[in-house]
Amino acid sequence: MADGFSLFSDRSTVAMRVNGELRDLASEVTDRDAVEPVTIDSPDGLNILRHSAAHVLAQAVQQVNPDAKLGIGPPIADGFYYDFDVAENFTPEDLKGLQKAMDRIIRQGQRFIRRVVTDDEARAELAEEPYKLELIGLKSGSMGDDNESVEVGGAELTIYDNVDPKTGETVWKDLCRGPHLPNTRMIGNGWSLTRVAAAYWRGSEKNPQLQRIYGTAWPTKDEMRAHQTRLEEAAKRDHRRLGQELDLFSFPEEIGSGLAVFHPKGGIVRRQMEDYSRRRHEESGYDFVYSPHISKSNLFMTSGHLQWYADAMYPPMSLDEERDAAGNVTKQGADYYLKPMNCPFHNLIYRATSRSYRDLPLRLFEFGSVYRYEKSGTIHGLTRVRGMTQDDAHIYTTRDLMKAELTSTLQFVLDLLRDYGLSDFYLELSTRDESEKFVGSDELWDEATNTLREVAEASQLELVPDPGGAAFYGPKISVQARDAIGRTWQMSTIQLDFNLPERFDLEYTAPDGTRQRPVMIHRALFGSIERFFAVLTEHYAGAFPVWLAPVQVVGIPVAEDYVDYLADVVDQLQTYGVRAEVDRSDDRMQKKIRNHTKAKVPFQLIVGEEDRNAGAVSFRFRDGTQLNGVPVADAVARIRESIRSHEQVVTSWAD
RNA sequence: GCCGCUUUAGCUCAGUCGGCAGAGCGUUUCACUCGUAAUGAAAAGGUCGUGGGUUCGAUUCCCACAAGCGGCUCCA
């Protein structure tokens, strides 16, 4: 028999894995056990560090406010949180006091001592902690999620005592699965409380709201600083900030929450995105259609949207009703709704004529503007809005052709995303679960789900299951893309739908003359153009590849004398459709360089006496590198090539 | 929708313990004509988010609403 302290003298070892299970260093093991050290900088070690920091936070809160009731306190990415039920909400100032109290606890070096208890013992000890009691009650049943299992997820119920090393007195305790650091001192100084927020108990809107305090914790202070620097870098890429700085778009308060206007520069980026997409769709056998922004209610009854999503639709405009003097209706009115989806309209286009199997697959594409009354607290920049334009297509096909169509659609989607500069993907397969909200027979769901799975697996991309994530009418594959700083965004979705063809009674005539039901595939590539715009803005940090850049080339004369020469170069570029201009302002040259560098223009062409004499221009790139004395014809050709190839240009071309 | 915070010039932000507000950048004008990230000077620019209340007096205190931010919930 031995414990982890005698096995691992290395101070960076904070816990151990015994026969695959995480355990405290204080646990006893025998030489028949397989024991591995868990170091503080490993994923498990970081979780343990952060979880222990959460305990210290809870202890500090109860020191300051003994009436605070404990929720849960798990580790999360980069840190931890702990939920509390308190009479008075925390203020940002409270964090400072709590931070000090935590610091004292950490410097005391309190030991975390694990103790196994029975359910009844735990109930007696935690009689004052109603939320913990609820978790004990849940232990035998099914647990909600991983965060809760941090408290009671183990085979046995355990309480961790925080023991003052000088007096041996237990100063605090918490129901917890563990493991923990050996003592609080090992939390060190690489941590900080970050913010307060409200959170529903056990994640349900129906439950009371608790006060949540978030913190971040790292093995060293330097690593925490590095984390903070990463956050600052991410903030610089924030599309809302860049949208303001680069004059791309805005959300005027007068229009309403979640409704954007695109400024001329943002308009150029957006139109390039759309035009390229349009061209690729044309080449790939899509038919372009258009549909209005509003419709009478019947259409959304047929589609089921009013039954399922009325809450998230703008309320109706009631029109045309007439009444006589007595108030009796003399003319029946109608309710019109702003459309939340394009599919009902496309179904009507499908149904407008009788269809043969020879027409299939029929691919209807539209940049369709939709309006959804998103809950006020969910709106976020361009990524979550109330008015947006989807690059929406609905493909009608036979069951036989379904798989081939899904395969080619997925390929099309991935190819197109790559053309916009995203290249690191994985797939998510969203399926139904036991919930009531899903419509359709088990057989249909099985067939649809299996088909999607086969298609996804054939793509060779990583496939992550998402049980319960399907739409009510069918399963879907979603393409997740990682951006330049490793964040993932849900991009395209491909959904199979056996339900809407049924509801709209869609048919085609098969080769044998019978009437058959087509299968419908919903797919959006960008999701919404607004959202994709935001993703690309953040991915490129506002420095778009040349083909998307609002201004591609700006000419900077060293002195006014060279304006005419530069204007001639810019004219040549404009002839080829290049977005080029000459900066004729009376700023000094250095100031112009600064302005256009901040505006992230890919090419600055600088011309003075030397260049003019040589019939050349001097390139200055976004990172400050230069390529001097390039003959004008070469410069024009290289710029055009960079646009054609969708190349990103940040630094000088290597010759 | 819920909890908390925020809203002052075009932008970023100071400020007023209740007595009609300030900076930098930007804009306009003038001078300067310059070889790789800020030339100098002057001027214009604000119903202190909107509406109500308290007060002799409100940008400041209180209430409601709107918009934004951070979370939670939600996302066809």
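Everything numeric in this text was worked out from a predicted model, so none of it was measured. Chain letters run A, B, ... following the sequence lines, proteins first, then strands; residues in each count from 1.
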Discussion item. Looking only at the side chains, is there a donor atom on one of Ser192(A) and Thr216(A) sitting less than 3.5 Å from an acceptor on the other?
Written reply: no
Worksheet item: From U73(B), U12(B), C3(B), pick the nucleotide closest to the side chain of Gln244(A)?
Response: U12(B)
Worksheet item: From the list C3(B), G71(B), A76(B), which nucleotide is the closest neighbour of the side chain of Tyr214(A)?
Response: G71(B)
Nucleotide [N], atom [atom2] - distance to [atom1] of [X] in whole Å:
X: Asp311(A); N: U73(B); atom1: CG; atom2: C1'; answer: 13 Å
X: Arg503(A); N: A76(B); atom1: CZ; atom2: C1'; answer: 13 Å
X: Glu88(A); N: C3(B); atom1: CD; atom2: C1'; answer: 14 Å
X: Glu245(A); N: G26(B); atom1: CD; atom2: C1'; answer: 14 Å
X: Lys375(A); N: U73(B); atom1: NZ; atom2: C1'; answer: 5 Å
X: Ile76(A); N: G70(B); atom1: CD1; atom2: C1'; answer: 13 Å
X: Tyr373(A); N: A76(B); atom1: OH; atom2: P; answer: 19 Å
X: Arg241(A); N: G70(B); atom1: CZ; atom2: P; answer: 13 Å

Aromatic ring proximity [X]/[Y], centre distance under 6.0 Å:
X: Phe619(A); Y: Phe621(A); answer: yes
X: Trp489(A); Y: Phe532(A); answer: no
X: Phe533(A); Y: Phe262(A); answer: yes
X: His394(A); Y: Tyr350(A); answer: no

Worksheet entry | Per-nucleotide pairing state of RNA chain B [Watson-Crick or G-U, under 3.5 Å; [ ] pseudoknot-crossing; | other strand] | (((((((..((((.....[..)))).(((((.......))))).....(((((..]....))))))))))))....
Worksheet item: Has Arg195(A) got a side-chain N or O lying under 4.0 Å from the OP1 or OP2 atom of G71(B)?
Response: yes
Worksheet item: Is there a side-chain polar atom (N or O) of Asn89(A) under 4.0 Å from OP1 or OP2 of G4(B)?
Response: yes
Worksheet item: So, the side chain of Thr194(A) versus the backbone of Tyr214(A): is there a donor-acceptor pair under 3.5 Å, distance only?
Response: yes
Item to complete: Could you tell me whether Arg386(A) sits above the aromatic face of Tyr373(A), with NZ or CZ closer than 6.0 angstrom to the six-membered ring centre and within 45 degrees of the axis?
Response: yes
Worksheet item: Do Arg212(A) and Tyr81(A) meet the cation-pi criteria used here (NZ or CZ under 6.0 Å from the six-membered ring centre, within 45° of the axis)?
Response: yes
Could you give the distance separating [M] and [N] at their [atom1] atoms, to the nearest angstrom?
N: C63(B); M: A21(B); atom1: P; result: 26 Å
N: G53(B); M: G15(B); atom1: C1'; result: 25 Å
N: C48(B); M: U36(B); atom1: P; result: 47 Å
N: A67(B); M: U27(B); atom1: P; result: 32 Å
N: A58(B); M: C17(B); atom1: C1'; result: 14 Å
N: U39(B); M: C25(B); atom1: P; result: 11 Å
N: C5(B); M: A43(B); atom1: P; result: 42 Å
N: G35(B); M: A31(B); atom1: C1'; result: 22 Å

Practice prompt. Begin with the C-alpha distance, continue with both residues' side-chain angles, and end with the deciding distance and a verdict on side chain to side chain contact (heavy atoms under 4.5 Å, CB included) for Asp67(A) and Val86(A).
Written response: CA-CA 7 Å; Asp67(A) 294 329; Val86(A) 283; over 6 Å; no
4.5 Å side-chain heavy-atom contact, [X] and [Y]:
X: Phe504(A); Y: Ser303(A); answer: yes
X: Val61(A); Y: Phe90(A); answer: yes
X: Leu70(A); Y: Tyr82(A); answer: yes

Discussion item. Can you say whether a donor on the side chain of Tyr200(A) sits under 3.5 Å from an acceptor on the base of G1(B), or the other way round?
Written reply: yes
Worksheet item: Do Gln209(A) and C3(B) share a donor-acceptor pair, side chain to base, under 3.5 Å?
Response: no
Worksheet item: Base, sugar-phosphate, or nothing for Ala199(A), non-hydrogen atoms under 4.0 angstrom?
Response: sugar-phosphate
Practice prompt. Quick one: label Phe472(A) by what it contacts on the DNA or RNA (base, sugar-phosphate, nothing), any heavy atom closer than 4.0 Å.
Written response: nothing
Discussion item. With the threshold set at under 4.0 Å for non-hydrogen atoms, list the residues of residues 296-309 of chain A touching RNA chain B in residue-number order.
Written reply: His305(A), Tyr309(A)
Worksheet entry | Interface residues of residues 523-531 of chain A with RNA chain B (non-hydrogen, below 4.0 angstrom) | none
Does atom [atom1] of [X] have more than 12 heavy-atom neighbours from other groups under 6.0 Å away?
X: Gln307(A); atom1: CD; answer: yes
X: Gln228(A); atom1: CD; answer: yes
X: Lys265(A); atom1: NZ; answer: no
X: Phe367(A); atom1: CZ; answer: yes

Worksheet entry | Distance (rounded to the nearest 0.5 Å) between Leu57(A) CG and Gln99(A) CD | 9.5 Å
Worksheet item: In B/S/- notation, 5' to 3', how is nucleotides 32-40 of chain B contacted by protein heavy atoms closer than 4.0 Å?
Response: BBBBBBBB-
Worksheet item: What string of B, S and - do you get for nucleotides 63-69 of chain B, 5' to 3', if B is base contact, S is sugar-phosphate-only contact and - is no contact with any protein heavy atom under 4.0 Å?
Response: ---SSSS
Discussion item. Enumerate the salt bridge (charged side-chain N to carboxylate O under 4.0 Å, His left out) contacts for residues 487-503 of chain A, please, sequence neighbours excluded, ordered by first and then second residue.
Written reply: Asp483(A)-Arg487(A), Arg487(A)-Glu538(A), Glu502(A)-Arg517(A)
